[in-house]
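Only one structure is covered here, and it is reproduced in the block below.
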Amino acid sequence: MDNEKILQGLNPAQLEAVKSLNGPVLIIAGAGSGKTKALTHRIANLIAHNVPPHNILALTFTNKAAKEMKERIAGLIGQDKAKFLWAGTFHSIFSRILRIEADKIGFNSNFSIYDTDDSTSLLRKIIANFANQSRKISVNPIRSKISGLKNQMITTKEFATKAMVADDKIVADIYRLYEFELQKSNAMDFDDLLLNMIVLLRSSKEVLHKYQNAFKYILVDEYQDTNKAQYIAVKLLASAHQNICVVGDDAQSIYRWRGADISNILEFNKDYPYSKVIRLEQNYRSTKNILKAAHGVIRNNKNQLPKKLWTENDTGELIDVLQCADEKEEAFRLSTLVQKELQKGRKLNEIVILYRTNAQSLALENSLRTHNLPYIIVGGISFYKRKEIKDVIAYITLLVNPYDNEAFTRSINEPPRGFGQTSLRHLKDYADSKGLALINACKEVDKIPEIRGKAAAAATVFAAMVNEYTNKIKEGLSANLISSYLEESGVLDMYNEIASEDSYDRLENIKQLLIDLESYIQDNPQADLTEYLQQISLVSDVDEKNLDGNNLTLMTLHTAKGLEFPVVFIAGMENGLFPLIRDRIELEEEEEERRLFYVGVTRAKEKLYLTYALRRAKFGEISSQKPSKFLREIPSDVLQTALSTGRTNSEFTGRPTQNRINYNARQERRENYSQIPPDYDESQLPPEEHQGNMSITNSPLQPGDKVHHSNFGRGIILKIEGFGQQKKATVRFDSVGTKSLMMQFAKLQRI
DNA sequence: GACCTGCTGATTTTT
DNA sequence: TCAGCAGGTC
């Protein structure tokens with residue numbers, strides 16, 4: 001063991017963290033303060049002090065963080081030892097344990113993991129069947145309410161007794177039915193993975209002691225983002241040995257809205273009275289100016305632990321604030337600035353553009369493409385959430401967990417087999433009355449008089465096919481086998497037959513999944529499908545994306561946490577957008593928005609640009625915007641501002657990308673596309689008067705002009721009113737009569 | 001049961 | 001705007 005290597009290159013605070021091996025330790029680690037270094041060296045040091053790696057549990061929030069940690073520890077102590085560490089996300093480690101102990105909590109070890117979409121679709125069905133139909137119940141609020149209850153560890157029974165108002169009573173009923181369906185399907189949602197771990201630990205003294213002794217040393221990363229269930233689970237595990245080390249930064253807590261409880265970190269000292277507190281306050285990442293800005297912002301929050309970051313880095317450049325006329329100009333100027341950074345010798349992968357909401361990426365993408373700037377988007381819809389991938393996964397899931405009724409419902413009529421909603425309802429009634437899984441009810445379809453003919457035949461054939469492949473994979477798993485299963489099911493043909501670009505992409509995505517499966521099998525010869533499915537159900541987009549390529553990166557501020565870039569742009573610095581406000585903003589929400597801004601600012605190593613627009617299209621409406629209040633919180637001596645040129649650019653009215661997935665086939669195509677030389681030339685900008693939708697003709701449309709509209713066909717303009725983007729046209733169409741249209745969206749063509 | 005059309009509503013999202 | 005549903009029609 002190379003002891004010196006472990007203690008080398010650490011500052012005094014880091015060194016103390018690395019050397020404090022026993023008892024509770026709280027490390028307050030400011031942004032860019034070498035937190036991962038302290039954590040990984042500490043783990044290496046534990047092993048150097050003869051703690052067996054398999055007695056160490058390191059919990060993170062993302063796979064990416066876990067992977068980085070494992071790699072760095074392997075670099076310090078060697079892969080042969082590092083591989084025995086229990087390092088991973090809360091969800092992946094807990095589901096590993098839950099599979100081992102499944103029978104103790106009434107599950108089968110092949111349980112399915114339902115992601116948010118699966119939960120939503122299950123809830124939607126429950127709501128649709130719900131007796132109380134007096135008014136419309138929307139799914140999303142119900143789902144987040146139930147998730148919130150689970151995060152607070154409130155059971156269906158507890159909530160049912162607490163529920164006083166009518167709304168809560170409805171939620172209580174839906175919650176109960178939802179849990180019942182999950183149970184029947186042998187499935188857990190994300191929240192259950194945490195909750196059931198607690199149920200397991202509380203199920204018997206033996207189990208609790210087993211895992212307390214298995215994990216003699218526990219480390220938790222990003223502790224400020226733990227919710228109640230995570231907090232309790234960790235507390236249960238750590239209570240015997242009290243060797244718990246948590247790392248976090250209350251200033252970077254940005255997940256309150258999904259149950260993260262900042263008091264877990266603020267009150268660590270109360271939970272573990274003899275804990276040692278170590279502060280990592282030297283920042284190695286950012287310039288003095290950037291830190292000054294970050295500090296100026298975060299000091300406006302009341303609820304926080306005392307600390308102040310400092311750095312020995314250079315003062316660095318000033319922070320640029322740019323005012324833009326609208327989101328198109330913002331995107332345009334951003335692209336130009338990116339090009340300037342490239343001319344200065346920056347590489348694309350050193351640059352990131354951050355925004356508050358995913359919707360903002362559209363305008364940015366259009367502009368980046370016209371400027372020939374290749375980019376990748378992290379976030380948005382993940383590969384595994386694509387319809388075709390979810391369909392294929394549903395088919396595969398059925399082979400492993402036949403009880404999974406969601407997987408069955410998803411696949412039975414995809415492609416259409418003549419087994420629709422009505423047949424499904426009859427099947428479900430029968431299955432429920434007999435206590436059967438849907439797929440098993442299919443085998444008795446002859447006993448269901450309501451299902452006859454084509455539907456009955458479809459059910460029988462489907463069940464037989466699933467049965468056949470279930471047996472086949474028991475003899476040996478291969479991607480080829482899964483491929484012929486999908487072939488036989490008709491999913492592949494379904495996309496083959498539709499000769500569209502879209503279905504081509506979908507097929508390519510399925511192929512990509514099969515390639516992925518193949519390489520998984522090769523890397524893990526002993527692994528089974530359950531493990532594969534678990535792994536893909538617990539990965540996120542950030543884990544998959546390679547941020548080192550020759551692309552610049554676009555992502556939301558949330559996704560950016562834990563990352564750093566030499567050049568950071570934050571777009572949309574406007575009140576209402578950032579801080580994001582729906583109706584009324586509470587102080588706590590505003591403080592969370594401010595922490596989010598703090599996270600964004602501290603991603604930057606050398607250069608930070610902040611942009612805002614005076615007008616912005618929201619849901620197709622134009623609204624005037626005011627600069628974000630956060631901008632005023634930045635000390636003015638680190639800022640330099642530039643006002644709008646007042647120009648908008650008609651180049652950017654083009655169609656947004658059809659789909660924001662930059663994965664495999666689609667990504668390649670997009671990269672090719674962005675290699676088309678830019679045809680934009682500032683001197684050739686059309687005069688202001690002609691901008692907007694009028695790139696087709698050279699003079700503005702006027703009353704009396706005959707026009708063509710893509711939906712309504714031929715028409716004649718009766719009236720034009722408003723200016724610029726507010727411009728409206730009243731048009732009498734041959735087909736649909738008179739309509740009033742926003743000209744910037746209507747794309748009227750003169751005929 | 002499949003397909004088309006019109007309406008509605010829309011944050012952030014580690015897993 | 002635009003996606004994702006519900007509800008109507010064939």
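Letters go in sequence order (proteins before strands), and every chain restarts at 1.
Outside the 6.0 Å centre-distance limit, the rings of Tyr114(A) and Phe190(A) are not counted as a close aromatic pair.
Lys618(A) has its NZ atom 19 Å from the P atom of dG9(B), to the nearest Å. Rounded to a whole Å, the CG atom of Asp117(A) is 10 Å from the P atom of dG4(C). Between Asp261(A) atom CG and dT14(B) atom C1' there is a gap of 17 Å when expressed in whole angstrom units. dG4(C) atom P lies 11 Å from atom CZ of Arg386(A), rounded to whole Å. Between the CZ atom of Arg143(A) and the C1' atom of dT11(B) there is a distance of 12 Å, rounded to whole Å. Atom pair Met555(A):CE and dT13(B):C1' shows a separation of 14 Å (rounding to whole Å applied). Per the geometry, CZ belonging to Arg258(A) stands 4 Å off C1' belonging to dT13(B), to the nearest Å. Distance Met69(A) CE to dT14(B) P: 18 Å, rounded to the nearest Å.
Using a 3.5 Å distance cut-off with no hydrogens or angles, the side chains of Arg143(A) and Thr120(A) do pair a donor with an acceptor.
Residue Asp429(A) holds its CG atom at 8.0 Å from CD of Glu450(A), rounded to the nearest 0.5 Å. Atoms CG and CZ, from Asp249(A) and Arg595(A) in turn, are 10.0 Å apart once rounded to the nearest 0.5 Å.
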Distances under 3.5 Å between nitrogen or oxygen atoms of protein and nucleotides 1-4 of chain B:
residue	atom	partner	partner atom	Å
dG1(B)	OP1	Gly420(A)	N	3.4
dG1(B)	OP1	Ser423(A)	OG	2.8
dG1(B)	OP2	Thr422(A)	N	3.1
dG1(B)	OP2	Thr422(A)	OG1	2.7
dA2(B)	OP2	Asn413(A)	ND2	2.9

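For Asn358(A) and dT13(B), the shortest distance from a side-chain N or O to OP1 or OP2 is below 4.0 Å. When the side-chain nitrogen and oxygen atoms of Thr556(A) are compared with OP1 and OP2 of dT13(B), one or more of them lie within a distance under 4.0 Å. The shortest distance between the side-chain N/O atoms of Thr559(A) and the OP1/OP2 oxygens of dT13(B) is below 4.0 Å. A close approach under 4.0 Å does occur between a side-chain nitrogen or oxygen of Arg124(A) and OP1 or OP2 of dC5(C).
No contact: Phe90(A) has no heavy atom under 4.0 Å from any strand. Using a 4.0 Å heavy-atom distance criterion, Arg356(A) is classed as a base contact.
Considering only residues two or more places apart in sequence or on other chains, Tyr532(A) meets the ring pair (Phe, Tyr, Trp, His ring centres under 6.0 Å) condition with Tyr520(A).
A cation-pi arrangement is present between Arg99(A) and Phe111(A) under the rule of less than 6.0 angstrom and at most 45 degrees off the ring axis.
The aromatic ring of Trp257(A) does not stack onto the base of dT13(B), failing the criterion of a centre distance under 5.5 Å from the six-membered base ring together with planes under 30° apart.
Side chain of Asp391(A) to main chain of Ser411(A): no donor-acceptor pair is present (N/O by atom type, distance under 3.5 Å, no hydrogens or angles).
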